[in-house]
S.K.: 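One structure coming up, written as structure tokens, with questions to follow.
Read the numbers this way: they start at 1 and go in the same order the structure lists the ligands and their atoms.
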Amino acid sequence: MFKVPPVSVARLPALLRKMPKAELHIHIEGSLEPELIFALARRNGVSLPYADVESLRRAYAFTNLQSFLDIYYAGASVLLHEQDFYDMAWAYLERAAADHVVHAELFFDPQTHTARGVPIESVINGLHRACVDAASKLGVDASLILCFLRHLSEESAFETLEQALPLRDKFIGVGLDSSELGHPPEKFARVFARCGELGLHRVAHAGEEGPAAYIWSALDVLGVERIDHGVQAVQDAALMQRLASDRIPLTVCPFSNVKLRVFPDLQSHNLGRLLEAGLMATVNSDDPAYFGGYLNDNFVQTFAATGLLAPQAYTLARNSFEASFAGEVQRHRWEHQLKEVFESFSEHDY
Ligand code: ADE
Ligand code: ZN
């Protein structure tokens, strides 16, 4: 066991920023900054219901998940060509590299684009090319997870899977996102069973706004390996036991939870409680262009608000590697780099 050296509160933000980490819950369409939305709208001749960047930003006042999703899907309407998807992913990956993200698993929503007549090949090939370039040019290891929109039908999800299968080698898994309430995981039991047969990794959003029961069914009906969000697990003691004993990762997104009013403020966030209960929580940005910050902002502000310290920083970064779908050799290399950074911050150096 690595003994985390003492690090003063004053140096904690620098440590949080510098430590290597993995991001496992980022919707790439949620990384579209207003400036890029307007640049792509101009490039593609798409008209937007907002006069300029400032008025679009002013609309980012959300009251719940659905109020966000309405604007998020409107923002994605500027994406038409393979290069647009590349540019969006590249912009995120450059920011991720600056945050010392060494590994990222990017969610994407093909149905948001195919419904507008965009070929799925343009979506996947553009995103994948950015991931390939990120490895060689930024030193960021990145892969793709295809998400089904849960407000759409099972039939639409199956159709999307069929369209994507010729590009099977360009994504590593599937997820489930969009409007949670009223769309329980059971709706996609057969699609996820098929994805399991195909050897795809499986994850699902559950327990963001929805009840703990959705976390149980994501695990037991969909067979997921990770839960996205999962913060409602605290409502159910037996579920907390299950998540801890099976070491099921939760990809927690503090800024998102506050912006979408799952918690009233960062101080009230239950990240610390999840860690104390022995759950394998990780920190993620979800939709950074909409929620006020990227991964390091989430780490620094959540730690400042909740009083978490260096031992929790180490646990969260190590969890991010353990919970990732990266190979064992790579994971161990990053864990080693993580220890080196912590040692370099040791107060004993003074
Ligand atoms: N799609 C993008 N962000 C999401 C979130 N936080 N929950 C569900 N679906 C999403
Ligand atoms: Zn999400």
S.K.: With a 4.0 Å heavy-atom cut-off (strictly under), which part of L65 contacts ligand 1: side chain, backbone, both or neither?
M.R.: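 Looking at L65 and ligand 1, just side chain atoms fall under 4.0 Å.
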
S.K.: For ligand 1, which atoms sit closer than 4.0 Å to a heavy atom of E208?
M.R.: 5 (C), 6 (N), 7 (N), 8 (C)

S.K.: Atom CZ of F107 and atom CD1 of I28: how far apart are they, to the nearest 0.5 Å?
M.R.: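 Interatomic distance, F107 CZ to I28 CD1, rounded to 0.5 Å: 11.5 Å.
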
S.K.: Roughly, to 10 degrees, what angle do D286 atom OD1 and H25 atom NE2 form around the Zn ion (ligand 2)?
M.R.: 80°

S.K.: Is the distance between the ring centroids of Y214 and H229 under 6.0 Å?
M.R.: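 Ring centroids of Y214 and H229 are no less than 6.0 Å from each other.
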
S.K.: Does at least one non-hydrogen atom of G30 fall below 4.0 angstrom from an atom of ligand 1?
M.R.: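 Flag not set, G30 not near ligand 1.
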
S.K.: Which is closest to atom 10 (C) of ligand 1 by heavy-atom distance: E29, R150, H25, H27?
M.R.: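 The option holding the nearest heavy atom is H27.
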
S.K.: With atoms numbered from 1 as shown, which atoms in ligand 1 lie under 4.0 angstrom from a non-hydrogen atom of H229?
M.R.: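 Reading through ligand 1 atom by atom, the close ones are 6 (N).
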
S.K.: Determine whether the aromatic ring centres of F68 and Y72 lie less than 6.0 Å apart.
M.R.: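 That pair passes the under 6.0 Å test.
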
S.K.: What class does the angle between the rings of H205 and H25 fall in, given that below 30° is parallel, 30 to 60° is tilted and above 60° is perpendicular?
M.R.: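 Rings of H205 and H25: perpendicular, as their planes differ by over 60°.
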
S.K.: Identify the protein heavy atom lying closest to atom 9 (N) of ligand 1, giving its residue, its atom name and the separation to 0.1 Å.
M.R.: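 For this ligand atom, the closest protein heavy atom is S178 N, 2.8 Å.
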
S.K.: Looking at R226 and E105, is any side-chain nitrogen of the basic one under 4.0 Å from a carboxylate oxygen of the acidic one?
M.R.: yes

S.K.: Heavy atoms only, cut-off 4.0 Å: how does F68 contact ligand 1, side chain, backbone, both, or neither?
M.R.: side chain

S.K.: Below 4.0 angstrom from a heavy atom of D286, which ligand 1 atoms are there? Numbered from 1 as shown, please.
M.R.: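 Going through ligand 1 atom by atom, the ones under 4.0 Å from D286 are 3 (N), 5 (C), 6 (N).
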
S.K.: Taking only non-hydrogen atoms of D228, do any sit less than 4.0 angstrom from ligand 1?
M.R.: no

S.K.: Do you know the tightest heavy-atom contact between E154 and K187?
M.R.: CB-O, 3.8 Å

S.K.: Which of the numbered atoms in ligand 1 are below 4.0 angstrom from a heavy atom of H205?
M.R.: 5 (C), 7 (N), 8 (C)

S.K.: Mind telling me whether F303 and F299 have parallel, tilted or perpendicular rings, with 30° and 60° as the class edges?
M.R.: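 Rings of F299 and F303: tilted, 30 to 60°.
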
S.K.: Atom CZ of residue position R273 - does it have more than 12 heavy atoms of other residues, nucleotides or ligands inside 6.0 Å?
M.R.: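 No, because the 6.0 Å sphere around CZ of R273 holds 12 heavy atoms or fewer from other groups.
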
S.K.: Is it true that R57 and E35 make a salt bridge, defined as a side-chain N closer than 4.0 Å to a carboxylate O?
M.R.: yes

S.K.: Using a strict cut-off of less than 4.0 Å between a Lys/Arg side-chain nitrogen and an Asp/Glu carboxylate oxygen, indicate whether R43 and D87 qualify as a salt bridge.
M.R.: yes

S.K.: Which ligand 1 atoms does L69 reach within 4.0 Å, using its non-hydrogen atoms?
M.R.: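 Matching atoms, with element in brackets: 1 (N), 10 (C).
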
S.K.: With a cutoff of 4.0 Å, is E180 in contact with ligand 1, counting heavy atoms of the residue only?
M.R.: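 So E180 does not count as touching ligand 1.
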
S.K.: Below 3.5 angstrom, do we get any N/O pair linking D287 and ligand 1?
M.R.: yes

S.K.: Which angle, to the nearest 10 degrees, do you find at the Zn ion (ligand 2) between NE2 in H205 and NE2 in H27?
M.R.: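 NE2 of H205, the Zn ion (ligand 2) and NE2 of H27 span an angle of about 90°.
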
